[in-house]
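Residue numbering restarts at 1 for every chain, and letters A, B, ... go by the order of the sequence lines.
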Amino acid sequence: MSSQILLSPDGIRTDGRRIDEMRKVKMEVGLLKNCSGSAYIEQGKTKIIVAVHGPREAHPKYLALPHRAVLRTRYHMAPFSTSERKSPAPSRREIELTKVIREALEPAVLLEEFPKTVIDVFIEVLQADAGTRSAGVTAASLALAEAGIPMRDLVTAVAVGKLEGKVVLDLNEEEDEHGQADMPVAMMPNINKITLLQLNGRLTGEELKEGLEVARKGISQLYQMQKQALTMRYSATVQQEEE
Amino acid sequence: MSSQILLSPDGIRTDGRRIDEMRKVKMEVGLLKNCSGSAYIEQGKTKIIVAVHGPREAHPKYLALPHRAVLRTRYHMAPFSTSERKSPAPSRREIELTKVIREALEPAVLLEEFPKTVIDVFIEVLQADAGTRSAGVTAASLALAEAGIPMRDLVTAVAVGKLEGKVVLDLNEEEDEHGQADMPVAMMPNINKITLLQLNGRLTGEELKEGLEVARKGISQLYQMQKQALTMRYSATVQQEEE
Amino acid sequence: MSSQILLSPDGIRTDGRRIDEMRKVKMEVGLLKNCSGSAYIEQGKTKIIVAVHGPREAHPKYLALPHRAVLRTRYHMAPFSTSERKSPAPSRREIELTKVIREALEPAVLLEEFPKTVIDVFIEVLQADAGTRSAGVTAASLALAEAGIPMRDLVTAVAVGKLEGKVVLDLNEEEDEHGQADMPVAMMPNINKITLLQLNGRLTGEELKEGLEVARKGISQLYQMQKQALTMRYSATVQQEEE
Amino acid sequence: MENLSSIDATIPFRQRELLSLLSTGQRMDGRKLDEYRQVEVVHSIYEKPEGSAVAKIGNTQAIAGVKVELGEPFPDTPNDGVLTVNLELLPHASPSFEPGPPDESAIEMSRIIDRGLRESKSISYDKLCVIPGQKVWIVYVDINAMDHDGNIVDTAGLAALAAVSHSTLPETRVEDSKVITLEERKPVPLTQLPVPVTVAKIGEYLLVDPSLYEETLSDVKVTMTTIESGVVASIQKSGSGTLDVDEVMKIYDLCYQKGNELREHVKSSRNGGGKH
Amino acid sequence: MENLSSIDATIPFRQRELLSLLSTGQRMDGRKLDEYRQVEVVHSIYEKPEGSAVAKIGNTQAIAGVKVELGEPFPDTPNDGVLTVNLELLPHASPSFEPGPPDESAIEMSRIIDRGLRESKSISYDKLCVIPGQKVWIVYVDINAMDHDGNIVDTAGLAALAAVSHSTLPETRVEDSKVITLEERKPVPLTQLPVPVTVAKIGEYLLVDPSLYEETLSDVKVTMTTIESGVVASIQKSGSGTLDVDEVMKIYDLCYQKGNELREHVKSSRNGGGKH
Amino acid sequence: MENLSSIDATIPFRQRELLSLLSTGQRMDGRKLDEYRQVEVVHSIYEKPEGSAVAKIGNTQAIAGVKVELGEPFPDTPNDGVLTVNLELLPHASPSFEPGPPDESAIEMSRIIDRGLRESKSISYDKLCVIPGQKVWIVYVDINAMDHDGNIVDTAGLAALAAVSHSTLPETRVEDSKVITLEERKPVPLTQLPVPVTVAKIGEYLLVDPSLYEETLSDVKVTMTTIESGVVASIQKSGSGTLDVDEVMKIYDLCYQKGNELREHVKSSRNGGGKH
């Protein structure tokens, strides 16, 4: 199984990338018309669409909090997104990621500005090829921004991994399955705060430190793309209004 | 499978009926004692019992509407009603028919006379031999009538089908399984309004028109029987009170 | 299957006990720290832990009754408690026993002293070796007592069975599986009132009467042990406070 | 139901009224304490199931259908067929029944009826075996409570017993480890008639076959399933009242005596004209 | 949704306003009564599924993915493959959609699309058989409604059809009763293009492709799935309004005519660059 | 829980009070910041499961039982046994725990413990294979959180590890493709001792083994599972607070150091006298 070589001696990965090279990323803001905000991300073959509804009245009402908004999330995989068809019912993994992603976004959102309301963030994985939770977080903060919800900073995420003993950036599915570690990291890039951190695999203390550093660099790149995507959306809106 | 002949060259079906001949039908109103109204129907081997509870207070209360009653239905098959034992949990088919039947009855019931209440119509298929949704509708409107709920008209239903290219009335199970189409139709017979219409199968435009006409004739016959069943129930009540 | 001999001609059972001899019993009150009261019982290899929460506010509120407390119970088996792993979802058997145990405890608890509240009794079977419902009841009344909830009397329970035509006390699992009857009985021992009675198996009228008598004797022994366990818990508390 | 009745302020009054009547040996509907309402059993009312029956006790009504399927035996009883009893409290039966999965009460009643059939050893499970350890008949007894005026258990138990006692199974032949189902049929092997009888206690009075009204005013019921020989195969105390030993023995006597009456109703039940 | 709209006091007013517009042959968005919004279909948008497509009708959008698995046939059709259609109303699509298992409406819409594909006999189920009675292809068509501005059924139906029509299956070889999956692929055997067309009735007016706004003001919709020959394979009346026979026939004419337009959109759909 | 704590008006006050104490290097219960409460582990407390243990950390308690069954491997790992970890938050443990299926928190904690065991490669899954591709041992680790005074994850993780490390499996022989289970037993093949250690952050302070009181006042916790070599096999940040890189590395140091202490507790755990 894991006997295949995922990293050549001169540091080239099976898809031709270098160890610190991200997959091709595409972001687009505002595709969906019947929600408060939306964003689409492609990271390699991983494809995700996020919609935000709200801030809106809590329903049922007992969910509401007097002093701040409640942030709700859903991380969900389409049945056709995986190699084997996935049942549409939420798996234990999806339930866990829903929580982890919510806790990655919460520190950034100024929830106290919308007491008694609910903000819903729905993340749908349309094609899964590793890195879905991190790409989901990256897209979710774009959708929140488009919905006009004030944030301390965007939240940006990427996974780092370990192949043949080397720390590498942004695993694809093959690398995730056969590699030695997978560590998704989300940050508020401007203020250098980690909001999501998980690890499956085996890292030494040194590798952990290196992994966080590699993640930070990847997050910087993605953060630039996020800002660009928002600018494009904004100018698109301006353009549209001028027409 | 469908190589068997369901209609002889001289227009006789496997159970001896002509193409426009209904199965033997029996209706009875008021068998159950612990509900607001009830009706029982046998159409061939299809056997169904319907009970109505209400108008009654909505529970939970948020179901209530300020200006009219809420009509709730349940179409359900007994585990022993089918050839293979049916799980008692509602199937997707039962959930769909529950909706379709509710929408077949709603236009007839004067819901605005009972604001803030709920009227429940429970349809239990005791033996299924095709035509259960239409027989269910026919019995349901009888049970509503017995419950004293005012209606614009009764609702009466029958299925038409297609065998060997001919449109026929009131399919039995064998015909339903191996025939070419099954089209249940419900009407308010007095005012000639269709309240339920579905089709599974293949009909040309001409056949569709003919099917609706054949259905209308069957519905007329059933409507007479419904009125008779109500009269018998009414006279039975009178008799009982006189005793 | 049942060809094996469960009772020797001189009245000795496969585990060496006489027909009216209980298994080794151990009771302990107050092991758990984050509940209102708790008790642990071992009866042979059967091991059960019970926790009580309350009286406390009903949640959701519509559960509350104006004139008395609501007693809620849960009988549940740990997945590792049985020979084959048990799914943690409640089985029909567990749902039935939950009701039967609640109705065994209700007559003893002075529910009217705590109107509008809920008292929760959670029974977890850690190892099942027959007699779990009766041991559960015995432990539950200890946990209620430790929670300071006033009772008319403790409730004490034991099962009697039938082996080779003889009525015997306190079946173990082997005897339960291959024996001819299993009759759990709970009583308020001081006032000689039966609060739980079930039978699976085959008893004549005479055997039923004898069984109830044998049960009463077993219950007397267990009742002494219950009082002792409470005394020990009480003195332990006193000791602790003196330290 | 428990909650609702508990807050009904008229209960103490109605209970006193009923007790004073019971002290004269009478019940609200004119019955004596040990008297059943009118019992009616009709078997073979449907064509599709392997057996079916309707039972009525007064205005309480239940319908049972029996289906059989070939399936695998349980690992610990490889030579025995399988019995599965399921009772649905149809929302038809009472304004207080909700549609949805069986609640605690429905599950308890199912299991009372199931245990009565099972523990009495009335069905010869070994005769339901087709290939030992591999293929046995699974007998599904599904009961619909249709109309609820008290004492659903006895009514459902009667319907179940009548349906099973008129059920048939296809004969089978085994060829190359494959089961071939034949045209000929044989009865489901039933050797005895276990019937549940329910007694309600109100004050100190014991009443058989409680009506819905009486159930509301009773705080403990006992159901005992007996067979012809007087053997009791299943007991269930239900409700939060108490009993003493003498009462249990009186209840046993009532259940056996009334059980014999009900067995006659099953034996003499009318054929409804469906497949038998 | 039904409850919410029923208590919206502005509905009668908005309905009158719309009716007066409809009487001039116009709709709020400038369309004629028998005119669809802009339709766009792109197939093969993903690499992992056996087929995929996105369809947009105006601001309504649905995505379909096709997965195939080897599995057992149904006992009554041992030589036929199996089709499974499932529609999820993603909470993305509308503020009124809740996450969770499909509700009544989602199930109805799934089944309308399923019946259209199934009853039109457009898929050659016998060609999905690998070992008769043992192994057949199970074709899962999963549809996500992503954006809801009315007429989800037609949009989802288009996406499903486009996805199926560009799906492929692996060729297989059977050796010693084992199925070996080969590298070569063949198309899912689709012989016709069944498309659902939905007509809403508002007052006495019949409108194709209702927008969300129009759906709110309509009390009955009819979806008919036709194929090229004009045969109608599935009809569903939905909503609590009524129809007369003439209206049904007018709806049929509209559905067939508009179905031909939509079929062209499927045929000319653009390749999204994923696996095809 | 999150909702309840958020509306507790005393939290800011209690938080200030705790922070001022923490600034002196002290905790409410007298511990130092990097000090665990009293730890106790007893293994082999039951006779029926293949392994069992109870772990206590202060007034927090968890019980784990291990059951094994022969079953099928996953298709993508045909030569490996299967591990299944399930944590139930028993309603016994806390007034705030409801009976019912595991909620989000319980699922997260199960999966943290599961990943610690799995990703550390501590179990030799290949040694759980009986017939490659057909029969492997499935190891069920079921954990009951019984008493909750904070830090359930570490307590449950200790119980699970102690139970697994004292579990045994029957030896097997394969005859004619059938598995025969023998009398002799062998240990579940465990090569390392992965233990989760949880650190809570309150203000800028990092506390190991948070009590329930401390958990309420903390907005972020990190659990890291390490093995003897210092390799970290699983990390989970939990809660809506944030961390910086330096904090993560400090937490790593704490987790490894404290992990070594906890491993000693597992190694020196007392035998409870049940089957071992």
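- Of all residues in residues 134-161 of chain A, none places a non-hydrogen atom less than 4.5 angstrom from a non-hydrogen atom of chain F.
- A salt bridge is defined here as a Lys NZ or Arg NE, NH1 or NH2 lying under 4.0 Å from an Asp or Glu carboxylate O, and F/Glu104 with A/Lys99 fails to meet this definition.
- In plain terms, the two heavy atoms of F/Pro102 and A/Arg92 that are nearest each other are CG-NH1, 4.3 Å.
- Side chains of F/Glu108 and A/Val100 form a contact here, defined as non-hydrogen atoms less than 4.5 Å apart.
- Proximity to chain F involves both the backbone and the side chain of A/Arg93, based on heavy atoms less than 4.5 angstrom apart.
- For A/Asn200, the parts sitting under 4.5 Å from any heavy atom of chain F are the backbone and the side chain alike.
- The parts of A/Leu203 that come within reach of chain F are both its backbone and its side chain, each placing non-hydrogen atoms under 4.5 angstrom from that chain.
- No more than 12 heavy atoms of other residues, nucleotides or ligands sit less than 6.0 Å from atom CD of F/Glu72.
- Comparing A/Arg202, A/Lys193, A/Arg216 by how many heavy-atom pairs each has under 4.5 Å with chain F, the most go to A/Arg202.
- Using a 4.5 Å cut-off on side-chain heavy atoms (C-beta onward), F/Asp244 and A/Asn192 make no contact.
- Note that the OG1 atom of F/Thr223 and the CD atom of A/Gln198 stand 11.0 Å from one another [nearest 0.5 Å].
- With values rounded to the nearest 0.5 angstrom, A/Thr204 atom OG1 is found 6.5 Å from F/Tyr252 atom OH.
- For F/Ser229, no part lies near chain A; criterion is any non-hydrogen pair under 4.5 Å.
- Across A/Leu196, A/Leu71, A/Ile194, the residue that shares the most heavy-atom pairs under 4.5 angstrom with chain F is A/Ile194.
- Of all the heavy atoms in F/Ser240 and A/Pro107, the pair that sits closest is O-CG, 3.1 Å.
- Within a 6.0 Å sphere centred on CD of A/Glu206, heavy atoms belonging to other residues, nucleotides or ligands number 12 at most.
- Separation of atoms OG (F/Ser234) and CE (A/Met183) is listed at 12.5 Å; rounding is to 0.5 Å.
- The minimum heavy-atom distance between F/Lys237 and A/Glu103, with the atom names listed, is NZ-O, 3.2 Å.
- Interface residue F/Ile227: only side-chain heavy atoms are found under 4.5 Å from chain A.
- Counting heavy-atom neighbours within 6.0 Å of A/Lys227 NZ, excluding the residue itself, gives a total above 12.
- Between A/Leu199 and F/Met224 there is no side-chain heavy-atom pair separated by less than 4.5 Å.
- A pairwise comparison of heavy atoms in A/Leu208 and F/Ile235 identifies CD1-CD1, 3.7 Å as the closest pair.
- Remark: A/Leu97 CG to F/Arg111 CZ distance equals 6.5 Å, nearest 0.5 Å.
- Heavy-atom contacts from other residues, nucleotides or ligands closer than 6.0 Å to CD of A/Glu57 number 12 or fewer.
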